[in-house]
Amino acid sequence: MEKTWKQRCLPLLLLLLSILSADTNHNNIIFLRQTAADGVTPEEATLLRDEVREMFYHAFNGYMEHAFPLDELKPLSCEGEDSLGGYALTLIDSLDMLALLGDREQFTSSVDWIGKNLRFDINKTVSVFETTIRVLGGLLSAHLIASDYATGMRIPSYDNQLLDLAEDLARRMLPAFDTPTGIPFGSVNLLYGVDEQESRITSTAGGGTLTLEFGMLSRLTNDPIFEQVTKNAVRGLWARRSKLNLVGAHINVFTGEWTQKDAGIGTSIDSFYEYLLKAYLLFGDEEYLFIFQEAYAAAMHYLYNDPWYVEVNMDSAAIVWPLFNSLQAFWPGLQVLAGDIDPAIRTHAAFFSVWKRYGFTPEGFNLATLTVQHGQKSYPLRPELIESTYWLYKATRDPRYPDVGRDMVVSLQYGARCPCGYCHIVDVEFHKKEDHMESFFLAETVKYLWLLFDLASGPDNLVENGPYKYIFSTEGHLLPATPQISLIHEHCSYLGAYCKGGGIEQESRKSDISIHPQENNASVLSGSWVHSSYPSDSSFLESTTTSGLMKGLCPGLTHGQKYGISYLDATSTAQEDHSTHQRENVADSHSLLVVSQQSADNSLLKNKKNDHDRNVQESSE
C-alpha cells in the first residue's frame, strides 16, 4: 500500500524540527535570535524569586480587591466572574501558595473565611475533574498545612473545617461514579446529583485524574469509599485499553466504548499517566505502578518521535495528529519522577524552542507545517512547561533551566501583565490579550517559577526543607507523604487503616524503613520521593473492588513510624530478604522505575547540550 504524505514526510519534518530546536546556540531563521547572556547567578536567582513573588501578589491582590468572592479575576477590566461553582475558586486554589511564601497572616485569614462562609449545598452543576483538582485538592492541601505543627504554618484556632468541607464536597460528587463501567460522568449537580440529560461521554483524564485527592481523603477520614470509586475508575479505563496498551481520548461511561480513539500524552489524556505514577509514589499501591509501567512503555514506543510526541490511533498506531499541544509539556517533569532523564532533557529543549519562537507556547503547534495550529493560537497562562523546567533543574542542577525560567518571567511580565493581574494570550503570534485569568496561574504557574528560583538561590521553603516529601497534584497542590498517608501496606499501621489479614488481632509489625541508605524503602532523586517497597504477599494483584477494607480500629503509629525512625532486629532479616527478592524481580520486569542522584548526574553528563541563547533582559529590570 502506498504511504500517505504524512507517513512519507513526517519523519523528515520531525528530524528537521529536532535539529532546529536541539541546540539554541546554533540559532536559525525560525527562532528569535537573542544575544547570549551569562547564566543566572544565585544573586540573580534571588532577585527573580522576589520578582515572581511580586507577580503572585499582583494577581492575588487584584483578585481579592476586584473579584473575591467570585471564582476568577478579569484582569483587564478589574472585575470578577463565576466560572466553576461560585465558591471563591481562586482563593481556594491559592491557599498552599500563601503557605509556601510564609504569608501566615493571609493564609490564616483565608482559611478562617473559607471555614466560616463556604458551603457546597448549592444548585450548581460542576465539572468533576476541575472541582476535584482545584477545590478538593486545594482544601486538602491547606488542611494538612494548617493542622500540622511540623509545617510551621499551623493555625492554633483551626479545627478541621477545611477537611469537613472537603468530605462534604466529595460526597456530593459520588453520584457521578454510579455508572456500569465505574468511570464517572463528567459533571454532577452538587445538590441533586447527575442530571438525566448529562452526557455519557467523558475524557480519559477526566475519569482517571481523581485518585490523589480522593485517596488522600479516604486516609484522612478513614472512609474507603472515596479511594474505592476512583480506583475503580482507573481500572475501568485500563481494562478497555487497546492491544497496544494505549488508551483513547474519550469514552462512553455506560458502554465502555471509545468515542475518540486518538492516543497521546496531551489533551484529554495527559494527567491519566501522571496520576498513575503519583498515586504509587504517594500511597505505595503497586497496582498503579504496574499500570504506569505498561502505559509508559507503550507511550514511548508508539507516541515518541524523538524528541517530539504525536497522536496515533490507539488500535493501529497510525499517526493521526503530528501536533505538539501545550498540555504535553508536563511530560518531561513526569519522566523526571520516573527516572527517565535523557529523553526528558531532549523533549524539554524541543518544547522550549516553541516558546522561544513565540514568547509563549500555543495550544497547538503543527509539526508537519512548523506553524501554529489553526484555532489553537492561545496561551491561557499554562504551567506545564514551567513545571517540567523546575523538575529538570531539581534533578540535574543544570544552569540552563534557571535561564529558561528567566525567559519565561520576561515573557509573562512584558506580554501578559495586565492592570489587575495576568491575561490570557489569545494569539501568541501577535500577543493579543484576553480578559481572563485562570485560578491555576496562582496555583501552579507562579508556584513552579518561584520554586525554580528559590532552588537556584539556595532553597528555603516548605517543599525543599520541610518535614515531608511532597507530591504535587496536577493542579500543583502540595500533598505530603506522611506516614499516616503513605503506609497503606503496613499491617494495621495507623488508627483506622486499611488493615490486611487479621484486622485488629494482627500485631503491628515494625517499619521496614532502614536508617541505612542502601536499605531504605524510599529512593530519593534530588529530593523527590519515590517508593520502592513491595508487600510480602501478592494480594494487591487480585482484582478487588477496593484497595482494602476497614477491619475495625488498628493500633496507632509506633514512635518510629510516626517520626520516620525504625529499629531493625534479627527477626526482620528473613522478611527483608524476601522483600528484596521481590523488589529485584519487579525491577527486572521494567527498565525505568527510578534512578539515583548519581545516575541522574551521569545521564546529564552524557546528554548535556550547549546552553540556550539567553535573553539579555534581566527580569529584575
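The figures that follow rest on heavy atoms only: side chains count, while hydrogens, waters and symmetry mates do not. Each residue takes its place number in the sequence, starting with 1.
Closest approach of Ile183 to Val253, counting heavy atoms only: O-CB, 3.4 Å. Taking every heavy atom of both residues into account, Ser271 and Thr474 meet most closely at CB-OG1, 3.7 Å. Residues Ser187 and Ser127 share a closest heavy-atom pair of OG-CA, 4.2 Å. When all heavy atoms are compared, the tightest approach of Asp96 to Leu478 is OD2-N, 3.0 Å. Taking both residues in full, the closest heavy atoms of Pro480 and Leu144 are given as CD-CD1, 3.5 Å, listed atom of the first, atom of the second, then distance. Listed here is the closest heavy atom pair of Leu246 and Ala299: CD2-N, 4.4 Å.
Interatomic distance, CZ of Arg134 versus OG of Ser473, reported as 11.0 Å (0.5 Å rounding). Here the straight-line distance linking atom NE2 of His143 with atom CG of Leu220 works out to 5.0 Å at 0.5 Å rounding. Note that CG of Leu334 is 10.0 Å distant from CG of Asp340, once rounded to the nearest 0.5 Å. Rounding to the nearest 0.5 Å places CG of Leu174 at 10.0 Å from CG of Leu169. Between the CG atom of Asp398 and the OG1 atom of Thr389 there is a distance of 11.5 Å, given to the nearest 0.5 Å. Atom CZ of Phe129 sits about 5.0 Å away from atom OG1 of Thr209, to the nearest 0.5 Å.
Among residues two or more places apart in sequence or in another chain, the salt bridge (charged side-chain N to carboxylate O under 4.0 Å, His left out) test is passed with Glu387 by none. Arg382 is linked by a salt bridge (charged side-chain N to carboxylate O under 4.0 Å, His left out) to Glu363, counting only residues two or more places apart in sequence or in another chain.
Looking only at atom types and distance, the side chain of Tyr275 has a donor-acceptor partner in the side chain of Glu213 under 3.5 Å away. Under 3.5 Å, the side chains of Thr221 and Glu167 contain no donor-acceptor pair of N or O atoms. The closest side-chain donor-acceptor pair between Ser268 and Ser203, if any, does not fall under 3.5 angstrom. Glu257 and Asn252 share no side-chain donor-acceptor pair at under 3.5 Å. His477 and Asp93 are linked by a side-chain donor-acceptor pair at a separation below 3.5 angstrom, with hydrogens and angles left out of the test.
Between Tyr280 and Asp285, the closest side-chain pair of non-hydrogen atoms is not below 4.5 Å. Contact of the Phe351 side chain with the Trp308 side chain is registered, since non-hydrogen atoms from C-beta on lie closer than 4.5 Å. Using a 4.5 Å heavy-atom cutoff, the side chains of Ile251 and Leu237 are in contact. Residues Asp315 and Lys261 have side chains in contact (heavy-atom distance under 4.5 Å, counting atoms from C-beta outward). Within the 4.5 Å cutoff, the side chain of Ile386 has heavy atoms near those of the Thr445 side chain. Using a 4.5 Å heavy-atom threshold, the side chains of Lys447 and Pro383 count as separate. In this structure, Tyr302 and Val310 have side chains that are not in contact, with every pair of non-hydrogen atoms separated by 4.5 Å or more. With contacts defined as side-chain heavy-atom distances shorter than 4.5 Å, the pair Phe365/Leu367 qualifies.
Between Glu227 and Lys231, none of the side-chain N atoms (NZ, or NE/NH1/NH2) sits under 4.0 Å from a carboxylate O, so this pair counts as no salt bridge. We find that Arg346 and Asp306 are joined by a salt bridge, their nearest charged nitrogen and carboxylate oxygen being less than 4.0 Å apart. Under the 4.0 Å criterion applied to side-chain N and carboxylate O atoms, Arg241 and Glu294 are not assigned as salt-bridge partners.
In summary, the aromatic rings of Phe472 and Tyr448 are positioned with their centroids under 6.0 Å apart. Taking the ring centroids of Phe185 and Phe254, they lie under the 6.0 Å cut-off. You'll find the ring centres of Tyr296 and Tyr273 outside the 6.0 Å limit. The aromatic ring centroids of Trp355 and Tyr379 lie less than 6.0 Å from each other. In this structure, the ring of Tyr309 has its center no less than 6.0 angstrom from the ring center of Trp321.
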Tell me, with the steps shown, if Gln293 and Leu276 meet side chain to side chain contact (heavy atoms under 4.5 Å, CB included).
-> CA-CA 9 Å; Gln293 288 177 324; Leu276 288 175; over 6 Å; no
After noting the C-alpha distance and the side-chain angles of Arg397 and Leu455, does the key distance pass the side chain to side chain contact (heavy atoms under 4.5 Å, CB included) rule?
-> CA-CA 9 Å; Arg397 295 304 197 272; Leu455 190 61; 3.8 Å; yes
Any chance you could lay out the side chain to side chain contact (heavy atoms under 4.5 Å, CB included) test for Ile269 and Val247, step after step, and finish with the verdict?
-> CA-CA 8 Å; Ile269 305 176; Val247 293; 4.1 Å; yes
Decide side chain to side chain contact (heavy atoms under 4.5 Å, CB included) for Ser326 and Glu384; before the verdict, give the C-alpha distance in whole Å, the side-chain angles of both, and the deciding distance to 0.1 Å.
-> CA-CA 7 Å; Ser326 60; Glu384 283 79 12; 5.6 Å; no
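Between His348 and Phe352, the ring planes lie parallel to each other; the angle is under 30°, not in the 30° to 60° tilted range.
Judged as a ring-ring contact (aromatic ring centres under 6.0 Å, His included), the pairs with a partner in residues 211-234 (not counting sequence neighbours) are, in order, Phe177-Phe214.
The number of heavy atoms from other shown groups lying within 6.0 Å of CZ (Arg171) is above 12.
When atom types are taken as modelled, the side chain of Thr211 and the backbone of Ala279 share no donor-acceptor pair closer than 3.5 angstrom.
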